[in-house]
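All values below come from the heavy atoms of this structure, side chains included, with hydrogens, waters and symmetry mates left out. It should be emphasised that the depicted structure is a prediction, and the values quoted were computed from it without experimental measurement.
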Amino acid sequence: MNCPSCGVEMGTLESDEQSLSRCGECGSIWTDISDLNRLLLQNNLPGLDSLGGKVNLEMLSGQCPECLVDLVVVENPQHALAYASCESCGGILVMDDFSACAGADEASKHLVEFFIAFRNKAKRVPAATL
């Protein structure tokens with residue numbers, strides 16, 4: 001599958017609990033909404049629908065690699081964080097740099113940190129300091 005943001009082939013990060021696709025160029029992660037919600041709930045966070053954010057109809061992030069529908073961008077302008085969602089298949093593209101993550105477990109931890117920062121009103125804490 002190709003990255004919706006930059007068109008580069010995405011690689012797979014797998015663990016016993018999760019499979020994620022990561023772009024080798026921009027570092028974005030593609031995951032399924034049900035897998036993401038399970039991960040968030042396991043880490044005492046609400047599901048994705050309850051994390052807030054604002055739909056940005058002017059920001060483009062490409063088409064869903066699964067069903068070729070335009071992705072909807074949800075952002076937190078306060079932190080310059082954004083993710084994109086496919087309203088057809090439920091795929092989620094998290095537009096952050098996951099390139100330093102060695103595997104699916106580390107990428108999952110980074111996903112949780114991303115969404116903690118996404119929902120919080122306080123300044124984002126870099127992952128390296130957690």
Participant: Check P46 against R119 and note the closest heavy-atom contact, atom names and distance.
Facilitator: CD-NH1, 3.1 Å
Participant: Just to verify, which of L39, L40, L81 counts as forming a side-chain contact (heavy atoms from CB on, under 4.5 Å) with F115?
Facilitator: L40
Participant: Calculate, to the nearest 0.5 Å, the distance between atoms CG and CD1 belonging to N43 and I116 respectively.
Facilitator: 7.0 Å
Participant: How long is the straight-line distance from CG of D35 back to OG of S19, given to the nearest 0.5 Å?
Facilitator: 8.0 Å
Participant: How far apart are the closest heavy atoms of Q18 and T31, and which atoms are they?
Facilitator: NE2-OG1, 3.6 Å
Participant: Is M95 close to S5 at the side-chain level, that is, under 4.5 Å between some pair of heavy atoms?
Facilitator: yes
Participant: Side chain to side chain contact (heavy atoms under 4.5 Å, CB included) between T12 and L20: does it pass, once the steps are laid out?
Facilitator: CA-CA 6 Å; T12 303; L20 304 166; over 6 Å; no
Participant: Applying a strict under-4.5 Å side-chain criterion to I, L, V, M, F, W and Y, I'd like to know whether V74 and V69 cluster together.
Facilitator: no
Participant: Do V55 and Y83 share a hydrophobic cluster, counting only Ile, Leu, Val, Met, Phe, Trp and Tyr and linking them when any side-chain heavy atoms are less than 4.5 Å apart?
Facilitator: yes
Participant: With clusters defined by side-chain heavy atoms of hydrophobic residues (ILVMFWY) lying less than 4.5 Å apart, directly or transitively, does L36 cluster with V72?
Facilitator: yes
Participant: Does L13 share a hydrophobic cluster with M10, counting links as ILVMFWY side-chain heavy atoms below 4.5 Å and allowing steps through other members?
Facilitator: no
Participant: Can you check whether N120's main-chain N or O pairs, donor with acceptor, with H79's side chain at less than 3.5 Å?
Facilitator: yes
Participant: Is the closest side-chain heavy-atom distance between V8 and C26 below 4.5 Å?
Facilitator: no
Participant: Give a yes or no answer on whether the side chain of S108 reaches the backbone of A104 with a donor-acceptor pair at less than 3.5 Å.
Facilitator: yes
Participant: Please step through side chain to side chain contact (heavy atoms under 4.5 Å, CB included) for the pair S88 and C64, ending with a clear verdict.
Facilitator: CA-CA 9 Å; S88 178; C64 173; over 6 Å; no
Participant: Under a 3.5 Å distance rule, please check whether D32 uses its side chain to pair with a backbone N or O of I92 as donor and acceptor.
Facilitator: no
Participant: For A117 and N76, which heavy atoms make the closest approach, and how far apart are they?
Facilitator: O-ND2, 4.3 Å
Participant: Let me see the working for S21 and I29 under side chain to side chain contact (heavy atoms under 4.5 Å, CB included), right down to the final yes or no.
Facilitator: CA-CA 6 Å; S21 296; I29 288 282; over 6 Å; no
Participant: Contact between W30 and P65 at the side-chain level, heavy atoms closer than 4.5 Å - yes or no?
Facilitator: yes
Participant: Shared ILVMFWY cluster between L48 and F114, side chains joined below 4.5 angstrom?
Facilitator: yes
Participant: Ignoring hydrogens and geometry beyond distance, is a side-chain donor-acceptor pair present between E75 and N56 at under 3.5 Å?
Facilitator: yes
Participant: Kindly compute the distance separating NE2 (H110) from CG (D105), expressed to the nearest 0.5 Å.
Facilitator: 14.5 Å
Participant: Taking C-beta and beyond as the side chain, do C6 and C23 meet within less than 4.5 Å on heavy atoms?
Facilitator: yes
Participant: Would you say the side chain of L45 lies within less than 4.5 Å of the side chain of L41, judging by non-hydrogen atoms?
Facilitator: no
Participant: Looking only at heavy atoms, which two atoms of E106 and A100 are closest? And how far apart?
Facilitator: OE2-O, 3.5 Å
Participant: Could you tell me whether the side chain of R22 and the main chain of F98 form a donor-acceptor pair under 3.5 Å?
Facilitator: yes
Participant: Are there more than 12 heavy atoms of other residues, nucleotides or ligands under 6.0 Å from atom CD of E9?
Facilitator: yes
